[in-house]
Amino acid sequence: MSIVSQTVSAASHMCSRPVRVRFAPSPTGFLHIGGLRTALYNYLLARKHDGTFVLRIEDTDRERYVEDADEDIIEALSWAGLSYDEGPNVGGDVGPYYQSSRKELYQQYVQQLLDSGHAYYAFDTPEALEARREEAEHGFSYNAATRGEMENSLTLPDADVTRRIANGDPYVVRMKVASESSIRFEDAVRGTVSFASEKVDDQVLLKSDGMPTYHLANVVDDHLMAITHVIRGEEWLPSTPKHVLLYRYFGWEPPVFAHLPLILSPEGGKLSKRDAEALGIPVSVSDYAEAGYEPEALLNFLALLGWNPGTEQEVFSPEGLAKAFTLDRVGSSGVQFDMDKLRWFNEQHLRAMALDTFCARVATHAEAQGVGDIDDGYLERVCALMQERVSFAHEVFTEGRYFFEVPDAYNEKGVKKRWKDDAPALLGAYAEALEELDTFSAATAEETLRELADAHDCGAGRIIHPTRLALSGVTFGPSLFAMMEVLGRTTCVERMRTAIDVLG
RNA sequence: GCCGCGUUCGUCUAGGGGUUUAGGACGCCGGCCUUUCACGCCGGUAACACGGGUUCAAAUCCCGUACGCGGCACCA
């Protein structure tokens, strides 16, 4: 029983056509974190099925267009490593990939709907509609119940309609939603969803500026681009019946729909730009790049935010995600953003890197961290000690500042706790002993220190702690002896003597 | 207001009639390792929104309520 229904539902989510998905942002602002997740799920499905990932810019709203927003989106996707197979800058057989460049193309489809009686002209001004909305007690809907009261080609004589259009009167084209009992469709993450058709309004398809609305452009383009799965945010769920109807009116096979749960703020509400900023959560993808997150870690985190592999594995490479991803394991309830978990993913990815990869990542932050020319070999030795103890690659330079410059201060609490009266004498003796060593290494530094402790009849910690303080200025860090070897004998001895001078 | 979607530890989630003393991960707390701090390992804390049904049996199915979120534009 359950096996049968599983098979059936899985089959209904697939179709024989090769998988083609698209990410279709509108350039009204920078790419935000929710958009990146939508892009990711699309990307993963495409990779999983050796399909095609298309980027399409939905710029049909001239008023909200933001200069360079499309470039930010492209850049953000590139940073994240979500490469698309067709789209701006890459081309493809079914372009152009900017909807504004496809403006003329929608005309014939509008005409088709007009001819088949599934659409009509409407002359109502924005002001007139606004007035209707204001006087209506429970909201106004332009639909089967009200369109007879409006100024449109259904109420006006044909001659008037023709004349007004010829006159250049502004008009829009609306879809004529037929009354039927209900419109239902299968959503890959929610199952059957149904809406009463009388609740669906006569959506504007063509605006008075000649541009299509999202609803029309989206359906036409998805069809023309042979999109098989529409994966988008849950905010689109309520308008999906309109899209389903359009596919029906055009006589086209609709794609599989999958509506992703929305990302909520850690406090439960929706993750608005203002909220997020107040909570210190970056919203735009470029902020994550700037904050030093590993793109793979962000992707990993985002993938698990609303999806799970059905196993207990949590850490995935992008390739691993693509292999494990399936739409039917996407959850349906809103998810809260958790910065702690994101940081954990970042740490996991950092630790899983080969040393040279980690090192290369760290090196990209050198300049911004004010660390000039560093010897590659030296950086690698530092990285080897720091890889296990940082949350971000750039922390090698902040947490491990002392590897690159002389500490400019000694942690006050540390001094109080670790710099006892005998510290100067002990460190002086240790420095001297180090200078006499034939070979200086972690092993000999340790051996020397322990012998010295024995000779003075004190615990090794009595020397270890003040030495660390002298070398790094702080009380924590990698193994002291490993650190000494990386720093080198001269530096160690110098810093010990400086500390003796300064701390007395 | 109307329509839709949702509701398992604080968070992300597994589980979808009996296998469950409800599992994992983050966080938090404790321990081990280490004369540092981490990593790592071990352990602990903590949840089926509520009320009715259905059933021998319900976190799991149905209905209702509450709460949350989304949508109701010539925005996407």
Side-chain angles (χ1 to χ4, degrees), chain A residues 2 24-29 58-64 99 122 124-126 129-130 133 136-142 170-174 187 189-190 193-196 198-201 203-215 217-218 232-241 259 261-262 264 266 268-270 301 304-315 329 331-345 347 351 385-391 399 414 417-418 453 459-465 467-469 472 474-480 483:
Chain A
S2 72
S26 73
T28 54
E58 310 226 323
D59 56 347
T60 54
D61 185 352
R62 293 156 158 183
E63 308 209 340
R64 293 207 308 158
Q99 283 184 332
D124 316 274
T125 62
L129 293 171
E130 188 50 39
R133 279 185 203 106
E137 262 179 56
H138 299 302
F140 168 72
S141 180
Y142 206 124
Y171 68 88
V172 300
V173 174
R174 287 183 180 271
D187 185 285
V189 336
R190 281 150 224 279
V193 180
S194 81
F195 289 82
E198 62 266 25
K199 299 295 177 189
V200 179
D201 65 309
Q203 178 64 50
V204 169
L205 298 176
L206 194 69
K207 301 186 265 187
S208 57
D209 65 359
M211 277 290 190
T213 57
Y214 168 84
H215 307 281
N218 163 260
R232 75 228 302 192
E234 194 185 348
E235 71 269 25
W236 293 108
L237 194 55
S239 54
T240 304
H259 290 93
L262 264 18
L264 309 173
K270 90 170 195 187
F301 169 70
L304 275 286
L305 204 58
W307 169 83
N308 77 81
T311 64
E312 294 198 337
Q313 185 179 352
E314 302 232 47
V315 179
R329 293 204 70 89
S332 50
S333 50
V335 288
Q336 294 185 204
F337 204 84
D338 180 357
M339 292 297 278
D340 283 332
K341 190 99 181 222
L342 207 208
R343 185 170 35 74
W344 179 78
F345 275 113
E347 291 166 349
R351 300 210 171 106
L385 297 185
M386 297 301 283
Q387 187 170 12
E388 300 282 275
R389 21 177 53 88
V390 294
S391 297
E399 300 291 301
K417 189 173 176 194
R418 303 297 196 188
R462 204 71 174 174
I463 312 174
I464 289 176
H465 298 303
T467 302
R468 173 183 297 284
L469 205 49
S472 70
V474 292
T475 58
F476 56 88
S479 155
L480 176 68
M483 216 169 98

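Residue numbering restarts at 1 for every chain, and letters A, B, ... go by the order of the sequence lines.
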Do you know which two heavy atoms are closest between A/Ser479 and A/Arg468, and how far apart they sit?
C-NH2, 4.0 Å

Minimum side-chain heavy-atom gap A/Gln99-A/Pro212 below 4.5 Å:
no

Which nucleotide in the list B/C39, B/U36, B/G70 gets nearest to the side chain of A/Glu235?
B/G70

Sorted by chain and residue number, the side-chain contact (heavy atoms from CB on, under 4.5 Å) partners of A/Ser194 (sequence neighbours excluded) come out as A/Arg184

Rounded interatomic separation in angstrom, taking CE from A/Met483 and C1' from B/U36
10 Å

Can you check the distance between B/C50 and B/G68, where both ends of the measurement are the C1' atom (answer in whole Å)?
15 Å

For B/C69 and B/C12, measure between their P atoms and round to the nearest Å.
14 Å

In whole angstroms, how far is the P atom of B/C39 from the CE atom of A/Met386?
13 Å

Side chain to side chain contact (heavy atoms under 4.5 Å, CB included) evaluation trace for A/Val193 with A/Asp187:
CA-CA 7 Å; A/Val193 180; A/Asp187 185 285; 4.1 Å; yes

B/C69: syn or anti, per glycosidic angle within 90° of 0:
anti

N/O to N/O distances under 3.5 Å, protein versus nucleotides 10-14 of chain B:
residue, atom, partner, partner atom, Å
B/C12, OP1, A/Gln336, N, 2.9
B/C12, O2', A/Leu304, O, 2.9
B/U13, OP1, A/Gly306, N, 2.8
B/U13, O3', A/Asn308, ND2, 3.0
B/A14, OP1, A/Asn308, ND2, 2.7
B/A14, O3', A/Arg329, NH2, 3.3

Should A/Glu63 and A/Lys207 count as an ion pair when the cut-off is N to O under 4.0 Å?
no

What pairs of nitrogen or oxygen atoms, one from the protein and one from nucleotides 1-5 of chain B, lie under 3.5 Å apart?
residue, atom, partner, partner atom, Å
B/G1, O2', A/His138, ND1, 3.4
B/C5, O2', A/Arg190, NH1, 2.4
B/C5, O2', A/Glu234, OE2, 3.2

B/A73 C1' sits how many Å from A/Leu205 CG, rounded?
14 Å

Side chains of A/Pro261 and A/Arg190: closer than 4.5 Å at any heavy-atom pair?
yes

Applying ring-ring contact (aromatic ring centres under 6.0 Å, His included), name anything that partners A/His215, two or more places apart in sequence or on another chain.
A/His243

For A/Asn308, give me all partners under side chain to side chain donor-acceptor pair (under 3.5 Å), at least two apart in sequence or on another chain.
A/Arg329

Take the protein atom CD of A/Glu312 and the nucleotide atom C1' of B/C26, then report the distance between them rounded to whole Å.
14 Å

Under-4.0 Å side-chain N/O to phosphate OP1/OP2 contact, A/Arg343 with B/C26:
no

Using the C1' atom in both, what is the distance from B/U8 to B/A59, to the nearest Å?
7 Å

Measuring only the C1' atom in each nucleotide, how far is B/U21 from B/A46? A whole number of Å is fine.
15 Å

Just how far, in rounded Å, is P of B/C37 from NE2 of A/His465?
8 Å

Is the phosphate of B/A73, meaning OP1 or OP2, less than 4.0 Å from a side-chain N or O of A/Lys207?
no

Of the non-hydrogen atoms in A/Glu234 and A/His259, which two are nearest, and what is the gap between them?
CA-CB, 4.1 Å

Encode nucleotides 43-49 of chain B as B, S and - characters from 5' to 3', where the letter depends on protein heavy atoms closer than 4.0 Å: B to the base, S only to sugar-phosphate, - to neither.
-------

P-based separation of B/C29 from B/C37 [nearest Å]
15 Å

At less than 3.5 Å, do the side-chain atoms of A/Arg351 and the base atoms of B/C39 form a donor-acceptor pair?
no

Could you tell me whether the side chains of A/Asp61 and A/Tyr214 share a donor-acceptor contact shorter than 3.5 Å?
no

Please confirm whether the shortest side-chain N or O distance from A/Arg133 to OP1 or OP2 of B/C74 is below 4.0 Å.
yes

Rounded to whole angstrom, note down the P distance from B/A57 over to B/C2.
37 Å

Quick one: pull up NZ in A/Lys417 and NE2 in A/His465 and give me the separation to the nearest 0.5 Å.
8.0 Å

A/Arg232 and A/Thr240 side chains, donor-acceptor separation under 3.5 Å:
yes

Just how far, in rounded Å, is P of B/C75 from CD of A/Gln99?
13 Å

